[in-house]
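In what follows, a single structure is set out as C-alpha cells and then discussed.
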Amino acid sequence: ILNVEQSPQSLHVQEGDSTNFTCSFPSSNFYALHWYRWETAKSPEALFVMTLNGDEKKKGRISATLNTKEGYSYLYIKGSQPEDSATYLCAFGNAGNMLTFGGGTRLMVKP
Amino acid sequence: GAVVSQHPSWVICKSGTSVKIECRSLDFQATTMFWYRQFPKQSLMLMATSNEGSKATYEQGVEKDKFLINHASLTLSTLTVTSAHPEDSSFYICSARASQGPGSPLHFGNGTRLTVT
C-alpha cells in the first residue's frame with residue numbers, strides 16, 4: 001500500500017491570506033504527481049500534473065512545487081478568496097496506470 | 001472538454017437489492033475508466049480499473065462478484081453493486097483519462113452517494 005499523506009487535514013483562513021499545504025509521497029518509482037480541487041457538489045477538477053523534480057506550475061493565484069527526491073509537493077494559494085474554498089487532493093502516480101490519492105486538505109476561506 | 005457524466009447522483013435501496021451506476025465520457029473515448037470509493041473522512045480508494053472490451057482489474061480486497069464492472073463501449077462503464085448491504089453504503093466516483101498514462105489528468109464524474117437500508 002502506497003502512503004500518500006496530506007497536511008493539514010483542514011485549514012481556515014481569512015480572505016486575502018496566502019496559504020500552503022503539503023503532499024508527501026513515496027520517493028521511489030515516481031512517475032507523476034497530480035493536484036485536484038474538489039468543490040462541494042461538483043466533481044474533482046485537475047489543477048496540475050507534475051512529472052519532473054523541481055517542477056513549478058502556476059494557474060492564476062495557485063501554484064505548486066515538486067520535490068521527487070524527498071517525496072513532497074507544496075500547493076500555494078496567494079490572496080485566498082471565498083471561491084477557493086474546496087478540498088484539495090493530491091495523487092501519486094507510479095509507472096503503472098494507477099493513482100493513489102491522499103486524504104485531502106479541506107480549505108475554508110472566510111470573507 | 002473531457003466531461004464525465006455519472007448517474008445516479010444518489011440512490012437509496014433496500015438491503016439485498018442490486019444497484020447499477022453508470023459512468024459516461026461525453027466528449028472523448030476512454031479505453032480505461034477507474035472506479036473509486038470514499039468512506040467518510042477518508043481518501044479516494046481505487047476499487048477497480050475498467051477496461052473496454054476486457055475484464056476489469058480489481059484492487060486487493062475488492063470482491064469482483066460483489067462489484068460487477070462492465071465496460072462495453074469506449075464511452076460507458078457501469079458498476080453494479082450486487083445484493084447490497086448497509087456496509088456497502090458509501091460514495092462511489094468514476095474517472096477516466098482522455099489520453100493514456102499516469103501523466104495525464106483524470107476527469108471525474110460527480111459521484112454517487114449510495115445508502116443501503
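Keep in mind that what you see is a predicted model, and the values were worked out from it rather than measured. The sequence lines fix the lettering, A, B, ..., with proteins before strands; numbering per chain opens at 1.
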Other residues, nucleotides, ligands: >12 heavy atoms within 6.0 Å of [X] [atom1]:
{"X": "A/Glu15", "atom1": "CD", "result": "yes"}
{"X": "A/Arg106", "atom1": "CZ", "result": "no"}
{"X": "B/Tyr58", "atom1": "OH", "result": "yes"}
{"X": "A/Asn20", "atom1": "CG", "result": "yes"}
{"X": "B/Lys55", "atom1": "NZ", "result": "no"}

Nearest heavy atoms of [X] and [Y], plus distance in Å:
{"X": "B/Ser43", "Y": "A/Gly102", "answer": "CB-O, 3.1 Å"}
{"X": "B/Leu106", "Y": "A/Tyr36", "answer": "N-OH, 2.8 Å"}
{"X": "B/Gly103", "Y": "A/Val49", "answer": "O-CG1, 3.1 Å"}

Got a second to check how far A/Leu89's CG is from B/Gln38's CD, nearest 0.5 Å?
-> 7.5 Å
Measuring from B/Leu46:CG to A/Thr100:OG1, what's the distance to the nearest 0.5 Å?
->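 Here the rounded value is 7.5 Å.
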Against chain A, label B/Gln60 side chain, backbone, both or neither, depending on which of its atoms sit under 4.5 Å from a heavy atom there.
->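 The answer is neither part of B/Gln60.
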Using non-hydrogen atoms only, which part of B/Thr57 is less than 4.5 Å away from chain A: side chain, backbone, both, or neither?
->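 Answer is neither: B/Thr57 stays 4.5 Å or more from chain A.
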Selection from A/Ala91, A/Pro44, A/Gly93, A/Ala41 maximising heavy-atom pairs under 4.5 Å formed with chain B |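 Greatest number of close heavy-atom pairs with chain B: A/Pro44.
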In terms of hydrophobic clusters joined by side-chain contacts under 4.5 Å, are A/Leu75 and A/Phe92 together?
-> yes
Should B/Trp35 and B/Leu114 be regarded as members of a common hydrophobic cluster, given that ILVMFWY residues are connected when their side-chain heavy atoms come within less than 4.5 Å of each other, either directly or indirectly?
-> yes
Would you call the rings of A/Phe101 and B/Tyr36 parallel, tilted or perpendicular if under 30° counts as parallel and over 60° as perpendicular?
-> perpendicular
